[in-house]
2 protein chains.
Amino acid sequence: MSSQETKADLLRQHLAGVIDQGLEPHSKLPAERELATEFEVSRLTVRRALDRMEQEGLVYRVQGAGTFVAAPRITKSVELTSFSEDMRSRGLEPGSRLLIGETVAAGARYGAKLQVSPAQDVLHIRRVRTADGEPMCLEDTYLNPARFPGLMQHIGNESLYRVMETRYGARIEWAEQSIHASVLGPQDAEILHAPAFSPAFFVTRTSFDTMDRPIEYAESTYRADRYHYELRIQRNR
Amino acid sequence: MSSQETKADLLRQHLAGVIDQGLEPHSKLPAERELATEFEVSRLTVRRALDRMEQEGLVYRVQGAGTFVAAPRITKSVELTSFSEDMRSRGLEPGSRLLIGETVAAGARYGAKLQVSPAQDVLHIRRVRTADGEPMCLEDTYLNPARFPGLMQHIGNESLYRVMETRYGARIEWAEQSIHASVLGPQDAEILHAPAFSPAFFVTRTSFDTMDRPIEYAESTYRADRYHYELRIQRNR
DNA sequence: AAGTGGTCTAGACCACCCG
DNA sequence: GGGTGGTCTAGACCACTTT
């Protein structure tokens with residue numbers, strides 16, 4: 001999965017392993033030219049490996065001095081993952097309960113989000129997403145049914161992203177996400193088994209493929225007592 | 001500022017300008033080898049320029065086919081900026097009202113965040129941050145006074161980040177940020193001129209320099225009616 | 001088959017840090 | 001001054017898309 005089989009990536013994996021198995025923070029790595037000789041690759045290839053490791057926060061570089069092991073990180077940068085992956089990475093078992101699955105007229109709002117005519121049908125899926133059986137968020141997803149014919153038959157506990165990718169070849173490449181703080185209305189509170197007016201995240205997300213075509217639009221309400229965001233933010237270069 | 005004066009960066013700026021001034025989304029850019037010939041640089045230099053443009057979401061590439069103009073973006077990726085820069089980028093005039101500025105014992109919590117002994121003093125600054133005169137957030141900042149002697153004399157309406165960088169040479173390179181949804185307590189509500197129990201973001205941030213030394217720890221409470229987060233998230237490669 | 005992006009090489013010069 | 005990262009060149013082969 002994460003292996004690209006390129007020399008740069010193999011070197012990156014190797015160096016990451018070496019660092020992981022006992023190199024102290026701020027200890028110096030061999031010079032780029034040394035690594036190039038030792039691993040019989042060009043210096044550019046070494047640099048590509050180190051570039052990525054630097055971006056991941058594994059090492060830092062000081063011009064004229066060298067490349068050094070960075071202090072271990074608590075937080076990872078926000079990544080684009082499905083709810084399922086997200087929960088598993090937190091050590092929770094993801095689940096899902098389907099409330100609604102129907103086609104409705106897109107209307108102005110969802111038509112614009114999915115770049116289809118307002119008169120066209122869109123597929124509306126409403127699910128309660130659970131973690132270890134406990135309700136975590138209420139999610140309304142809108143899709144273009146022309147692109148995913150018969151999708152509802154495949155929706156089980158499997159990740160929606162996985163179904164879209166494996167059965168329809170729709171790979172999500174990036175997404176725009178907007179995060180608002182809110183409180184739970186009485187109805188949402190009941191569905192989420194939480195007190196009314198308790199804090200919540202209201203998140204909208206539009207997902208796109210590599211050609212920038214919108215794949216999915218989703219509105220999610222998260223219980224804030226169970227969910228928060230961790231970001232690692234880099235200074236503009 | 002944003003110009004690195006490298007050939008790759010000059011080419012990037014030039015291409016960004018060309019795209020900005022009227023190229024339609026999905027129109028094809030010249031091949032990398034063509035660009036290299038035309039601008040009399042090597043192909044690798046062209047690729048570095050395009051790499052960055054791809055990361056910024058200006059173009060996308062399809063192997064075997066070419067490089068294409070991406071659809072315009074609404075959202076920018078989260079960037080590490082000061083409150084002042086952040087507000088200016090939203091077209092608002094940032095302001096600040098100092099409530100507290102004193103040294104206190106670090107204690108376990110802030111000592112750990114700033115990697116100093118719990119018995120050592122830390123500088124605690126509490127400010128109401130305003131946008132166009134309206135309270136936007138309540139911010140408690142903790143700093144190591146040994147690193148910023150006499151800091152309080154320089155705090156005016158100038159950005160704290162600017163003071164730290166210009167007067168103390170402390171340049172923040174990255175930060176870990178944790179975002180929680182919450183509601184305003186009565187006291188915070190009064191300070192922020194908002195109704196009690198209205199939605200709010202509670203954000204903690206630890207800022208580091210290039211050597212991964214903690215510079216600043218801050219806890220901020222934002223009025224959610226005036227603030228939200230826009231993220232652009234990229235798929236893991 | 002031709003064109004394009006993805007990867008890689010070997011070598012060069014520069015700017016910066018350190019002993 | 002020697003070592004290091006930052007940038008750049010000219011050329012090569014591969015994998016993939018398009019014609």
Side-chain angles (χ1 to χ4, degrees), chain A residues 2-15 19 26-70 169 171 173 209-212 235-237, chain B residues 2-15 26-70 169 171 173 209-212 234-237:
Chain A
S2 103
S3 71
Q4 300 293 116
E5 294 297 324
T6 66
K7 291 188 183 181
D9 215 59
L10 290 171
L11 176 56
R12 183 192 117 259
Q13 289 174 39
H14 177 259
L15 291 176
I19 289 175
H26 309 294
S27 52
K28 193 169 173 304
L29 293 184
E32 295 176 353
R33 289 168 180 80
E34 266 182 74
L35 289 171
T37 307
E38 182 179 345
F39 292 94
E40 296 179 305
V41 296
S42 76
R43 190 177 154 216
L44 181 65
T45 303
V46 173
R47 281 187 63 75
R48 272 215 296 277
L50 291 177
D51 281 347
R52 180 153 169 199
M53 293 173 72
E54 185 178 27
Q55 205 176 6
E56 289 172 343
L58 265 173
V59 301
Y60 63 90
R61 299 196 269 200
V62 181
Q63 178 169 154
T67 303
F68 305 88
V69 178
R171 178 174 170 78
E173 192 59 27
D209 64 11
T210 45
M211 312 263 301
D212 297 345
R235 183 71 154 172
N236 272 349
R237 338 168 209 192
Chain B
S2 100
S3 71
Q4 300 293 116
E5 294 296 324
T6 66
K7 290 189 183 181
D9 215 59
L10 290 171
L11 176 57
R12 183 193 118 261
Q13 288 175 37
H14 176 260
L15 290 176
H26 309 295
S27 53
K28 192 169 173 305
L29 293 185
E32 295 176 352
R33 290 168 179 80
E34 267 183 72
L35 289 171
T37 307
E38 182 179 345
F39 292 94
E40 295 180 305
V41 294
S42 76
R43 192 179 153 213
L44 181 64
T45 303
V46 173
R47 280 186 65 75
R48 273 216 296 276
L50 291 177
D51 281 347
R52 179 151 170 201
M53 292 173 73
E54 185 178 27
Q55 206 177 4
E56 289 172 342
L58 265 172
V59 301
Y60 62 91
R61 299 198 268 201
V62 181
Q63 177 168 154
T67 303
F68 305 88
V69 177
R171 179 174 169 76
E173 191 60 26
D209 63 13
T210 45
M211 310 264 301
D212 297 345
Q234 197 78 26
R235 184 70 154 172
N236 274 347
R237 342 170 209 191

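Proteins get letters first, then strands, A, B, ... in listed order; numbering begins at 1 in each. Quick caveat, the model's predicted, so the values are computed rather than measured.
- If you check residues 42-51 of chain A against DNA chain C, the residues with a heavy atom closer than 4.0 Å are Ser42(A), Arg43(A), Leu44(A), Thr45(A), Arg48(A), listed by number.
- Checked by atom type, the side-chain pair Gln55(B)/Asp51(B) shows no donor-acceptor distance below 3.5 Å.
- Closest to the Lys7(B) side chain, of the nucleotides dT9(C), dT9(D), dG6(C), is dT9(D).
- With rounding to the nearest 0.5 angstrom, the OG1 atom of Thr45(A) is 11.0 Å from the CG atom of Leu10(A).
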I'd like a list of close polar pairs between nucleotides 16-19 of chain C and the protein, N/O only, cut-off under 3.5 Å.
unit_1, atom_1, unit_2, atom_2, d
dC16(C), O4', Gln63(A), OE1, 3.2

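- Using a 4.5 Å heavy-atom threshold, the side chains of Glu173(B) and Tyr60(A) count as separate.
- When every heavy atom of Val59(B) is checked against every heavy atom of Leu50(B), the shortest pair comes out as CG2-O, 4.2 Å.
- Across all their heavy atoms, Ala8(A) and Ala49(A) have their closest contact at O-CB, 3.4 Å.
- Taking 4.5 Å as the limit, every side-chain heavy atom of Glu54(A) sits out of range of all side-chain heavy atoms of Thr67(A).
- Near DNA chain D, defined here as any heavy-atom distance below 4.0 Å, the residues from residues 29-38 of chain B are Arg33(B), listed numerically.
- Atom CZ of Arg52(A) is separated from atom P of dT7(C) by 11 Å (rounded to the nearest Å).
- Of the side-chain N and O atoms in Thr6(B), none sit less than 4.0 angstrom from OP1 or OP2 of dG6(D).
- In this structure, the separation between CE on Met53(B) and CG on Leu11(B) is 8.0 Å, given to the nearest 0.5 Å.
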